[in-house]
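Structure incoming, see below.
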Amino acid sequence: MRRFFVAGNWKMNETVAEAETLVKALLPELEKYESVDKAVCPSYLAVPAVAGLCKGSSLKVGAQNLFWEESGAFTAEVAPKMVAELCDYVIVGHSERRKYFGETDETVNRRLKAALGAGLLVIVCVGETLEENEAGQTEAVVTRQLRQGLADITPEQADSITIAYEPVWAIGTGRAATPEDANHVHKDVIRPLLVEMFGKERAESMRIQYGGSIKPNNAAELFAMSDIDGGLVGGASLKADSFVEIIKAAAMVTIIIEESEA
Ligand code: 13P
């Protein structure tokens, strides 16, 4: 059975107090959609408060990054076991980390290994820039990001990984990829690569989220595509009603798929 995974990446938004208000608004609504896996990823500072509120609920908590070293003189960094103390998930390789903070495929790989070593579930982000897209390099870029980012990962470890395809030109622009274009990358580029790396059965059960201007009005058509297994939502996850609508869209598509298979 297909089970969608929708996560909210709050990025550098929401103070602790704002995060608490948002989660309190989300929790009673989101409990209605148990057929969908869901998570929110607040800033590190808001993680303890959000994790406390989410305890025992179906809303999981993720961090937006982590460092690969276990401890030591790395001012301002957060170690894998610190994240794992409070979070189920962590995001690595977000394009904003790549663009503004020097993240490379190699450091994505180091973070991924450290996160898996600490028992975290990991969302690995990939996606091409506008220039790369216009130059016809989408496949080459995503392939490189995955091959290098997921280097040395075993099939067993792959069970703890979600891939998020986030075309950079679609993030925060209000210009989402069309469902067909996004699905093409998921189905014809990412999934075959996962099959090659981890075998068919595992690759088929791995979830590939789409991210980039997902809104309540385009979520269902994206989730209805064969290889879009959920979403990584930025702006629309900062408002309780729009995030709930997106989760609801995933729940509705789940029902439609189940009925069509019955
Ligand atoms: P938006 O939904 O705001 O476009 O952000 C997507 C994103 O980057 C999620 O990680």
Side-chain angles (χ1 to χ4, degrees), residues 4-14 18-19 22 26 36-44 46-47 50 59-66 83 87-101 103 108 111-112 115 120-130 132-133 138 141-142 145-146 149 161-179 181-182 185-186 190 207-223 225 228-250:
F4 289 97
F5 174 32
V6 179
N9 174 9
W10 292 354
K11 308 190 180 185
M12 198 178 73
N13 296 292
E14 310 303 311
E18 289 163 351
L22 180 50
L26 285 172
V36 179
D37 288 328
K38 43 213 177 268
V40 288
C41 304
S43 77
Y44 285 132
V47 161
V50 170
L59 182 60
K60 302 299 173 195
V61 180
Q64 298 172 15
N65 193 20
L66 85 179
V83 175
C87 295
D88 295 294
Y89 287 94
V90 66
I91 300 171
V92 303
H94 193 280
S95 64
E96 288 147 18
R97 301 300 312 172
R98 295 177 192 261
K99 180 175 177 194
Y100 300 118
F101 303 101
E103 187 82 83
V108 169
R111 287 182 218 280
L112 171 60
L120 286 156
L121 301 169
V122 190
I123 301 173
V124 180
C125 301
V126 297
E128 81 286 1
T129 63
L130 182 62
E132 290 162 343
N133 181 281
T138 300
V141 170
V142 170
Q145 289 173 332
L146 281 175
I161 298 175
T162 297
I163 306 297
Y165 170 58
E166 300 204 299
V168 178
W169 46 270
I171 296 177
T173 58
R175 187 186 149 205
T178 65
D181 285 350
V185 177
H186 288 220
I190 299 175
R207 287 178 296 190
I208 308 174
Q209 296 174 321
Y210 166 78
S213 298
I214 298 187
K215 306 287 175 206
N217 66 6
N218 62 14
E221 54 178 1
L222 285 159
F223 299 153
M225 303 305 291
I228 300 183
D229 309 313
L232 187 54
V233 186
S237 72
L238 298 174
K239 293 257 180 305
D241 55 354
S242 56
F243 192 53
V244 170
E245 283 301 312
I246 291 168
I247 307 271
K248 187 175 168 187

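FYI, the numbering just counts along the sequence from 1. Quick note: numbers below take in every heavy atom, side chains included, and nothing from hydrogens, waters or symmetry partners. In each ligand, atom 1 is the first atom listed, and ligand 1 is the first ligand listed.
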Could you tell me if Y89 and Q64 have a donor-acceptor pair between their side chains, going purely by distance under 3.5 Å?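 The criterion, which ignores hydrogens and geometry beyond distance, is not satisfied for Y89 and Q64.
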Suppose we screen for salt bridge (Lys or Arg N to Asp or Glu O under 4.0 Å). Which residues come up paired with E132, at least two apart in sequence or across chains?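 Expected list: none.
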Test of proximity, G172 against ligand 1: N or O pairs below 3.5 Å: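 By distance alone, the answer is yes.
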Protein heavy-atom partner closest to atom 2 (O) of ligand 1 - residue, atom, separation in Å: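 For atom 2 (O) of ligand 1, the nearest protein heavy atom comes out as G234 N, 2.9 Å.
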Those atoms of ligand 1 less than 4.0 Å from some heavy atom in A170: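 Going through ligand 1 atom by atom, the ones under 4.0 Å from A170 are 4 (O).
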May I ask you to list the atoms of ligand 1 that are less than 4.0 angstrom from any heavy atom of G212?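 Within the 4.0 Å cut-off of G212, ligand 1 contributes 4 (O), 6 (C).
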Pick whichever of Q209, H94, E96 has a heavy atom sitting closest to atom 10 (O) of ligand 1.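 Residue with the shortest heavy-atom distance to the ligand atom: H94.
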Would you mind telling me if ligand 1 is within reach of the side chain of I171, the backbone, both or neither, using heavy atoms under 4.0 Å?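 Both backbone and side chain.
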Relative to atom 5 (O) of ligand 1, which among K11, R175, K215, E166 owns the nearest non-hydrogen atom?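 When every heavy atom of K11, R175, K215, E166 is considered, K11 comes closest to atom 5 (O) of ligand 1.
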Find out whether V233 and V6 are in side-chain contact, i.e. whether some heavy atom of one side chain is under 4.5 Å from a heavy atom of the other.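 They are in side-chain contact.
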Could you tell me, atom by atom, which parts of ligand 1 come under 4.0 Å of a heavy atom of G235?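 Result: 1 (P), 2 (O), 3 (O).
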E14 side chain reached by L22 side chain, heavy atoms, under 4.5 Å: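 The answer is yes, as the side chains (C-beta and beyond) meet within the 4.5 Å cut-off.
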In terms of side-chain heavy atoms, does E103 have a donor or acceptor partner in H94 at a distance below 3.5 Å?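 Their side chains do not contain a donor-acceptor pair, so the 3.5 Å distance test is not met.
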Does A177 offer a backbone N or O that forms a donor-acceptor pair with the side chain of Y210 under 3.5 Å?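 Yes; judged by distance alone, with no hydrogens or angles, the pair exists.
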Could I get the full list of salt bridge (Lys or Arg N to Asp or Glu O under 4.0 Å) partners for K248, not counting sequence neighbours?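 Here no residue qualifies.
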Considering both backbone and side-chain atoms of S213, is one of its nitrogen or oxygen atoms within less than 3.5 Å of a nitrogen or oxygen in ligand 1?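 N/O-N/O distance under 3.5 Å: yes.
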